[in-house]
There are 2 protein chains.
Amino acid sequence: MGIIDRKQRQKEEVRASILDTAWQMVVSEGWQSFSIRKIADAIEYSVPVIYSHFENKDAILLEFNRKGFQLLADTLRKAKEGTSDPADQIRAMATAYWNFAFENKEYYQLMYGLGIPTCETVSKIPALVDFNEVVTSSLVAMVAPGKQPSFDPFLKYQSFWSMLHGLVSINMSALGHPIGQTDGQDKKEGKHDNLPRQVLDDVVCSFIRGIQAAENNH
Amino acid sequence: MGIIDRKQRQKEEVRASILDTAWQMVVSEGWQSFSIRKIADAIEYSVPVIYSHFENKDAILLEFNRKGFQLLADTLRKAKEGTSDPADQIRAMATAYWNFAFENKEYYQLMYGLGIPTCETVSKIPALVDFNEVVTSSLVAMVAPGKQPSFDPFLKYQSFWSMLHGLVSINMSALGHPIGQTDGQDKKEGKHDNLPRQVLDDVVCSFIRGIQAAENNH
DNA sequence: AATTTTGCCTAACACTGTTACAAAATGTAA
DNA sequence: TTACATTTTGTAACAGTGTTAGGCAAAATT
């Protein structure tokens, strides 16, 4: 009975084409033009077909959310493979995080921007655990075992994540741009050329020093 | 001719009632139920009346955006009035920022969440300059004049802001909650009770130390 | 060949922001 | 007070959105 097999395959194909087409539209036209009807038009099916694959619009967004966090976790994992020094791993992950955000703006905007994620949503994104583990493992590797009994990996994990997200979030919007400089009146000076990266380095540097300093004081 | 005077006053009243009613609805029902038609219903006018006061929906949002940033800047200004020590001022502003965000979730969600602010939007929020100045003035006061020639107040301002926003942003969503703990299986332990505040202290502390350490190394 | 099941589409419902146009209310002038 | 002009307001439409009920036709089963 290869018939139900073929049907299964065809159904999968439609589902994939929904996601592919939707993503393509988001990348080329932004989230504001993410619409069930437009997707239906593009895949040349009627609207209810989409609802036979996804419960509602949010379910499609959730799918992309999962992919996004999975991609982020994988990216960080790969980034820290280069070295075995925990501090270097932290630095590598920081720049990888930054690059991921700006190379996948659509993902990042979905993951943090569109709609405040609820507890239920978060529980449906297993890759968040991966993300947590990848970061935390480097953090615990930074402190010698036994020393720093007050060291809280989860706290440091949240600090690290918050720093990075804050940096990205503000720089991805126009809020991070210097104020009042509508046109580049003194572009040549360049003290603030590539400022965001400097801020990133600055913040990551003091984060790492914060952990190492506590190491020496105990 | 007090007639046009009275008309002016009445028009202002309607405008105010639009904003008041809209805000009331947002606070009680969230941003998802922010609708021109609902506002029109609530103020007992027809829809086009609203469009005679605001160009479109975004114009109303912009109004709240301005108020939000003005409120934030004022809050920080008041918070640092307590002390004259720059480091204490930074600390005070950090906690004030945190409190502002969670006491005015609707404002904060609008200011950073709903729609990525563009350059044009940012230029229409004058309070951003105030915010910048309030924070920066304490930052420059931290370093003795002459020392630290490489000290960049704008960079540190961005670091500070990013840290705070990242912290707030992640903790205001469900992303900041410990993973997998759907129900409070071990609530009594309490190592992570009030963790967000600890993270805030941790991050602010290392930020200040980062500036002070550079002071001593030059 | 008749019947059941499946897949699919049309059309509707209830919303949204926005606007053209007509009606009503108001002000001004004779 | 009446006639005209102006401003203010409401109705109703247009073009979208997410979502779903009902029916039709093709495919699979009996």
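A note on names: the letters A, B, ... follow the listed sequences, proteins ahead of strands, and every chain is numbered from 1. Values reported hereafter were calculated over all heavy atoms of this structure, with side chains retained and with hydrogens, waters and symmetry mates removed.
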Give the intermediate values and the outcome of side chain to side chain donor-acceptor pair (under 3.5 Å) for residues B/Thr118 and B/Thr121. CA-CA 5 Å; B/Thr118 65; B/Thr121 312; 2.9 Å; yes
Please state whether the rings of A/Tyr112 and A/Trp161 are parallel, tilted or perpendicular, taking 30° and 60° as the class boundaries. perpendicular
For the residue pair B/Phe154 and B/Tyr157, does the interplanar ring angle fall in the parallel (under 30°), tilted (30 to 60°) or perpendicular (over 60°) class? tilted
Centroid-centroid distance, B/Phe100 to B/Tyr97, less than 6.0 Å: no
Does the separation of the ring centres of B/Tyr108 and B/His165 fall below 6.0 angstrom? yes
Say whether [X] and [Y], considering side chains only, have a donor N or O and an acceptor N or O under 3.5 Å apart.
{"X": "A/Asp74", "Y": "A/Gln70", "answer": "yes"}
{"X": "A/Tyr45", "Y": "A/His53", "answer": "no"}
{"X": "B/Lys38", "Y": "B/Ser33", "answer": "no"}

Could you grab the distance from atom CG of A/Asp20 to atom CE of A/Met25, nearest 0.5 Å is fine?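 It comes to 12.5 Å.
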Near DNA chain D, which residues from residues 44-55 of chain A have a heavy atom under 4.0 Å away? A/Val47, A/Pro48, A/Tyr51
Using a 4.0 Å cut-off on heavy atoms, which residues in residues 24-43 of chain A reach DNA chain D? List them by number, or say none. A/Phe34, A/Ser35, A/Ile36, A/Arg37, A/Lys38
Have a look at the helix from C/dA1-D/dT30 to C/dA30-D/dT1 and give the angle its two end axes make, five pairs each, rounded to 10 degrees.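 Between the first-five-pair axis and the last-five-pair axis there is 30°.
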How close or far is atom C1' of D/dA27 from atom CD of A/Gln10, stated in whole angstroms? 12 Å
Taking the side chain as every heavy atom from C-beta outward, state whether A/Val204 and A/Thr95 have any pair of such atoms under 4.5 Å apart.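 They are not in side-chain contact.
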